[in-house]
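Report on the structure given below.
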Amino acid sequence: SNSPENIFLRREKSTEIMEKITALPEKYRETVLLHYFAEKSIAEISQILDLPEGTVKFRLFEGRKKLKKELIHMMNEEKKFIERKNIWEKIKNSVKEANDLIRKNDTKNASDICDEYLNEEYDLKSLSRSELEILDRLYGAKFNAVRHVEGLEECMKYLEKHVEIAEILGGEIGMMNAYSLYSTELSNLGNAEKCEEYRSKAEDIARKLGDTQNIANILYWSAIDLIGKTEDGGANEELLKEALEKLESALSYKEQLLETDSGKLTYSLLVSAQK
């Protein structure tokens, strides 16, 4: 494609090729330049250089051979690039296939498809943005495939990768969603301290973005967790008081929440929890 990055890379390769040609002995260099850049035939080069055609052919052959030796690493790099591009395209298609199987409740085959690529340890910081996004979808598919089979505790490693990738990519919405999902599952595991840490991170981003829907959702689940900590019959008044404050804070966004269907659902949950 004609992206700025690809144009730059093509120019870099052209410069490297020209440097290698320039470094050839003169008798080979002039023959290569006349043939490949001036587009002269063997007969024309023979006339220009006043040499037999056989000599021109020999010099051209030798010049190409020397260039091939010098530029072999470039060809190898190009080959690696193509192979790498092909494998990530294959992973992308496999993730789509796995998600289709999950929708059909065929989680066993979906999990097996993901495992084909998850046996490898990936250096996340060395991957491109598009590769990270594909890998993130792979971890997500694996998590959804085995969440109810292997148990949540066993599957948290896939969510941890989701969080790590979101942080490397650096998008605030992506990080907010990753922190929010991770905190929810930490809550389900009963890991209150770590849950609150990531829920707080998600809330900070939501407030920075002015995302009232997510702020309200986060406050709702924080309140629910506080209510869950109370004894039977709601004996712990301090926890209930704190939970009620969070619910009232979330309900202050009533006007914005009622503008969307998802917001209306959140509002209904908040009102129910408050009552």
task = Check the pair Y117, S94 against side-chain hydrogen bond (donor to acceptor under 3.5 Å, both in side chains), reporting the backbone distance first and the verdict last.
result = CA-CA 9 Å; Y117 304 103; S94 295; 3.1 Å; yes
query = salt bridge (charged side-chain N to carboxylate O under 4.0 Å, His left out) between R129 and E133: does it pass, once the steps are laid out?
reply = CA-CA 6 Å; R129 187 175 191 85; E133 289 169 349; 3.7 Å; yes
Salt bridge (charged side-chain N to carboxylate O under 4.0 Å, His left out) between D225 and K229, worked out = CA-CA 6 Å; D225 279 354; K229 292 177 184 177; over 6 Å; no
task = Walk me through it: do Y267 and Q256 pass the test side-chain hydrogen bond (donor to acceptor under 3.5 Å, both in side chains)?
result = CA-CA 10 Å; Y267 179 75; Q256 295 97 314; over 6 Å; no
key: Y28/L60 under side-chain contact (heavy atoms from CB on, under 4.5 Å): CA gap, chis, key distance, verdict   = CA-CA 7 Å; Y28 300 129; L60 196 56; over 6 Å; no
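Follow the hydrophobic side-chain contacts under 4.5 Å out from V56 and you reach I48 in the same cluster. Hydrophobic clustering (side-chain heavy atoms under 4.5 Å, transitive across Ile, Leu, Val, Met, Phe, Trp, Tyr) keeps L226 apart from L219. Under the 4.5 Å side-chain contact rule for hydrophobic residues, I165 and M176 share a cluster. Grouping the Ile, Leu, Val, Met, Phe, Trp and Tyr side chains by contacts below 4.5 angstrom, directly or via other members, places L189 with F143. At a threshold of 4.5 Å between side-chain heavy atoms, the hydrophobic network of Ile, Leu, Val, Met, Phe, Trp and Tyr places I42 and Y36 in one connected group.
Taking each heavy atom of S187 and C195 in turn, the nearest pair found is CB-SG, 3.7 Å. Summarising the geometry of V32 relative to G63, their closest heavy-atom pair is CG2-CA, 4.2 Å, with the distance given to 0.1 Å. Closest non-hydrogen pair, S111 versus A145, comes out as N-CB, 3.9 Å. Between L24 and K66, the closest heavy-atom pair is CD2-CB, 3.7 Å.
Using a cut-off of 4.0 Å between Lys/Arg side-chain N and Asp/Glu carboxylate O, E154 and K157 are scored as salt-bridged. Salt-bridge check for K65 with E62: passed, with a basic side-chain N closer than 4.0 Å to an acidic carboxylate O. Electrostatic pairing of D204 and K208 does not count as a salt bridge here, judged by no charged N lying under 4.0 Å from a carboxylate O.
Remark: K201 qualifies as a cation-pi partner of Y198 under the 6.0 Å distance and 45° angle criteria applied to the six-membered ring.
Within the 4.5 Å cutoff, the side chain of I205 has no heavy atoms near those of the I173 side chain. Using a 4.5 Å cut-off on side-chain heavy atoms (C-beta onward), H35 and K40 make no contact. Taking the side chain as every heavy atom from C-beta outward, N99 and V95 approach each other to under 4.5 Å. For the pair R137/I91, no side-chain contact is recorded, criterion being any heavy-atom separation below 4.5 Å from C-beta on. Put simply, the side chain of S222 reaches to within 4.5 Å of the side chain of R199, judged on heavy atoms. T107 is not listed as a side-chain neighbour of V146, based on a closest heavy-atom distance of 4.5 Å or more. Considering only heavy atoms from C-beta on, L124 comes within 4.5 Å of L135 through its side chain. Counting only heavy atoms from C-beta outward, the side chains of Y139 and L159 never approach each other to under 4.5 Å.
Applying the salt bridge (charged side-chain N to carboxylate O under 4.0 Å, His left out) test to pairs two or more places apart or on separate chains, those with a residue in residues 106-127 are K108-D112, D115-K142, E121-K161.
Here N188 pairs with E185 under the side-chain hydrogen bond (donor to acceptor under 3.5 Å, both in side chains) rule; sequence neighbours left out.
At a cut-off of 3.5 Å, with distance as the only test, a side-chain donor of Y179 or E167 sits close to an acceptor on the other residue.
Residue E160 qualifies as enclosed at atom CD: its count of foreign heavy atoms under 6.0 Å is above 12.
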